[in-house]
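I have placed the structure first, in the form of structure tokens, so that the comments after it can refer back to it.
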Protein chains: 2
Amino acid sequence: MSAISEHVVNPFADISTNIETNDFFSIDDEGDAWSDAHANFLSSLSESETQDLLKCSRRMDLKSRDHLFRAGDRSNDVYIVAGGCIRLFQVSSTGKETILWFSFPGEIFGMAELWRGSNRQIYAVANEATQVYSIRRKDFTNFLGAHPEAAMKAISILSARVRALGHALVGLASDNVETRVARLLVRLAAVSSGTRCCAGYTEGELCVNVRLTHQDIANLIGASRQTVSSTLAHLRKIGAVRTVSHHFHIVQPDHLRRLLQLSAA
Amino acid sequence: MSAISEHVVNPFADISTNIETNDFFSIDDEGDAWSDAHANFLSSLSESETQDLLKCSRRMDLKSRDHLFRAGDRSNDVYIVAGGCIRLFQVSSTGKETILWFSFPGEIFGMAELWRGSNRQIYAVANEATQVYSIRRKDFTNFLGAHPEAAMKAISILSARVRALGHALVGLASDNVETRVARLLVRLAAVSSGTRCCAGYTEGELCVNVRLTHQDIANLIGASRQTVSSTLAHLRKIGAVRTVSHHFHIVQPDHLRRLLQLSAA
DNA sequence: GCGCCTTTGTCGTCCAGATGACAAAGTAAG
DNA sequence: CTTACTTTGTCATCTGGACGACAAAGGCGC
């Protein structure tokens with residue numbers, strides 16, 4: 001009991017200590033921020049935490065293109081992706097769509113709007129057939145209060161999102177379209193590599209296992225569809241990527257990464 | 001004791017209830033996210049919390065342009081602005097500077113890097129003579145563990161940052177320079193209006209009480225210095241803003257807001 | 001006061017990428 | 001197999017805004 005109570009008093013102590021003693025520091029913060037922000041919240045929970053959370057959740061099945069919520073809806077829930085993929089985007093006044101995030105299985109989303117309780121400003125639609133757990137705000141905040149490690153995890157995911165968005169902003173302000181496309185593919189390959197690629201996979205390739213139209217890519221990096229098309233054609237021509245049944249394979253990851261280093265020089 | 005202990009078990013209960021019963025929802029989420037993200041962390045703490053936090057802090061005095069930290073530094077501290085203004089920016093590989101945030105008195109910054117403990121990816125420099133409190137990571141995480149309401153506040157600030165950055169991304173991807181400049185001025189006026197404008201103030205005007213060079217503005221909105229100069233000249237010509245001893249006044253706030261609505265239509 | 005450095009105003013010039021317009025190729029549902 | 005819709009590939013055209021270059025103002029330390 002005393003151990004538990006102390007834990008509650010400082011849920012952050014362990015993590016903080018871990019960091020202090022960790023001597024390894026990665027160079028690629030942008031990639032790290034992406035990966036961290038895409039962290040699998042669900043699987044980071046313990047068995048009992050998962051049960052606690054899911055018992056107050058409601059499972060929903062979405063068909064491809066179903067809307068989970070729209071701008072203007074009240075933000076009453078957070079969601080966890082069970083399977084599939086959710087596209088989170090905003091529509092500017094000119095009708096232009098900007099994709100802010102893709103949420104993959106295990107990821108939590110809808111968190112950032114919870115605390116102010118304002119209306120949703122973004123849209124969430126299923127990018128393919130998708131299952132999500134929906135958790136009411138109150139249940140979720142109760143859960144976080146009762147499970148400090150989970151709260152800690154939530155904070156670190158939000159932090160990673162902040163850093164990832166910061167990088168996105170810098171990239172949009174200073175990189176050209178080809179660089180942005182290439183970087184996106186590398187990042188997506190990193191986070192989607194968990195789900196195994198079924199089709200013709202060649203050793204050494206990286207699989208970007210997300211179904212993306214050129215329009216999606218354009219909306220992700222703030223470019224026009226046509227420019228993305230021709231950029232991809234170019235990347236294909238120089239042998240950096242190839243198309244395998246509806247998705248991309250990065251033929252030589254190092255090739256593409258070197259291209260990114262180069263554009264950075 | 002039992003009351004306290006229950007509070008610790010669910011630090012989020014109160015806030016969550018407040019939100020549930022709140023029937024007012026603002027329309028301008030972008031502005032709200034900005035304001036929330038600029039929330040005065042320090043003054044939101046109770047007397048005893050403030051003391052707890054500041055007693056393990058170190059006060060630092062910075063001259064204008066002093067660097068607080070640079071990209072590459074270890075992230076060992078969070079900071080709270082006591083007075084002045086801190087500019088947080090990132091430098092792209094091409095040398096282009098992108099300003100991610102200005103931190104005003106009471107604001108906390110450096111939080112997002114804390115949890116992963118990677119090296120800083122951004123620069124923090126004093127925009128003018130500035131005083132900050134520096135708090136070591138471990139002390140800060142201990143503090144958050146011991147003060148759940150403060151942890152809650154920290155989460156809501158991070159959430160607001162996520163939303164504000166999302167809006168910034170959408171704006172950068174879809175608005176032209178004039179719109180971005182105008183919106184920036186309106187936002188800055190909102191958050192800087194706390195500090196009273198000394199110089200020639202005319203009734204009805206909004207004061208953007210931050211010293212900004214055109215270059216700063218350019219770095220904030222991802223544009224070139226020249227374009228910002230001519231855009232400001234234009235805004236001045238149409239009577240939307242005027243320059244008062246080193247800073248701007250928004251002559252007719254509604255005029256500028258209408259201009260934003262217009263560009264949005 | 002006098003230099004020195006930073007910030008602004010204002011030119012051309014140039015180009016990455018937006019936009020519009022179609023045809024061709026997929027894909028999905030009947 | 002057919003029809004209808006979505007997604008791609010590829011033009012040709014146009015432009016917002018980047019970039020370079022300088023002169024004119026400010027500020028500021030001495």
Side-chain angles (χ1 to χ4, degrees), chain A residues 63-66 87 92 94-99 125-129 170-182 184 199 210-238 241-248 263, chain B residues 63-65 87 92-99 125-129 170-182 184 199 210-238 241-248 263:
Chain A
K63 291 192 304 296
S64 183
R65 288 157 199 250
D66 275 359
R87 183 163 86 241
S92 83
T94 57
K96 187 162 181 167
E97 185 178 313
T98 301
I99 299 181
V125 331
N127 205 42
E128 54 193 85
V170 173
L172 189 50
S174 42
D175 297 330
N176 63 16
V177 173
E178 179 160 307
T179 306
R180 305 211 295 278
V181 169
L184 175 71
V210 195
R211 203 196 235 261
L212 286 173
T213 67
H214 294 183
Q215 187 67 62
D216 288 336
I217 298 179
N219 296 343
L220 270 163
I221 63 169
S224 73
R225 202 269 308 163
Q226 293 90 323
T227 308
V228 169
S229 286
S230 55
T231 301
L232 284 171
H234 180 238
L235 287 178
R236 222 178 287 127
K237 194 163 70 186
I238 64 175
V241 304
R242 69 192 184 93
T243 308
V244 180
S245 60
H246 308 294
H247 67 275
F248 298 100
S263 86
Chain B
K63 290 191 304 294
S64 184
R65 286 157 202 253
R87 184 164 85 241
S92 83
S93 35
T94 58
K96 186 163 184 167
E97 188 178 309
T98 302
I99 299 181
V125 331
N127 205 43
E128 52 193 86
V170 172
L172 189 50
S174 41
D175 298 331
N176 64 14
V177 172
E178 180 161 305
T179 306
R180 304 211 296 276
V181 169
L184 176 73
V210 194
R211 204 197 236 260
L212 285 173
T213 67
H214 294 183
Q215 187 67 62
D216 288 336
I217 298 178
N219 296 341
L220 271 163
I221 63 168
S224 73
R225 201 268 310 161
Q226 293 93 320
T227 308
V228 170
S229 286
S230 55
T231 301
L232 284 171
H234 180 239
L235 286 178
R236 222 178 287 126
K237 195 163 70 188
I238 65 174
V241 304
R242 69 192 184 94
T243 308
V244 181
S245 62
H246 309 296
H247 67 276
F248 298 101
S263 86

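All chains are named by letter (A, B, ...) in the order of the sequence lines, taking the proteins before the strands, and each is independently numbered beginning at 1.
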Between atom [atom1] of [X] and atom [atom2] of [Y], what is the distance when rounded to the nearest 0.5 Å?
{"X": "A:L184", "Y": "A:L212", "atom1": "CG", "atom2": "CG", "value": "7.0 Å"}
{"X": "B:H234", "Y": "B:I238", "atom1": "NE2", "atom2": "CD1", "value": "5.0 Å"}
{"X": "A:S174", "Y": "B:E97", "atom1": "OG", "atom2": "CD", "value": "11.5 Å"}

Practice item. Check whether any side-chain heavy atom of A:N219 sits under 4.5 Å from a side-chain heavy atom of A:R87, and report yes or no. Key: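 Of all side-chain heavy-atom pairs linking A:R87 with A:N219, none is under 4.5 Å.
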
Check your understanding: Do A:I217 and A:L232 have side-chain heavy atoms sitting under 4.5 Å apart?
Key ->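 In contact.
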
Review point. Using a cut-off of 4.0 Å between protein heavy atoms and nucleotide atoms, how would you tag nucleotides 5-14 of chain D 5' to 3' with B, S and -?
Key: -SSBBB----

Check your understanding: What do you reckon, is CZ of B:R65 surrounded by more than 12 foreign heavy atoms closer than 6.0 Å?
Key -> no

Check your understanding: For DNA chain D, whose closest nucleotide is more 5', that of B:R211 or that of B:G222?
Key ->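 First, find each residue's nearest nucleotide; the 5'-ward one identifies B:G222.
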
Atom [atom1] of [X] to atom [atom2] of [N]: distance rounded to whole Å?
{"X": "B:H234", "N": "D:dG17", "atom1": "NE2", "atom2": "C1'", "result": "16 Å"}
{"X": "B:F248", "N": "C:dT7", "atom1": "CZ", "atom2": "P", "result": "13 Å"}
{"X": "B:E178", "N": "D:dG17", "atom1": "CD", "atom2": "P", "result": "9 Å"}
{"X": "A:H247", "N": "C:dG26", "atom1": "NE2", "atom2": "C1'", "result": "17 Å"}

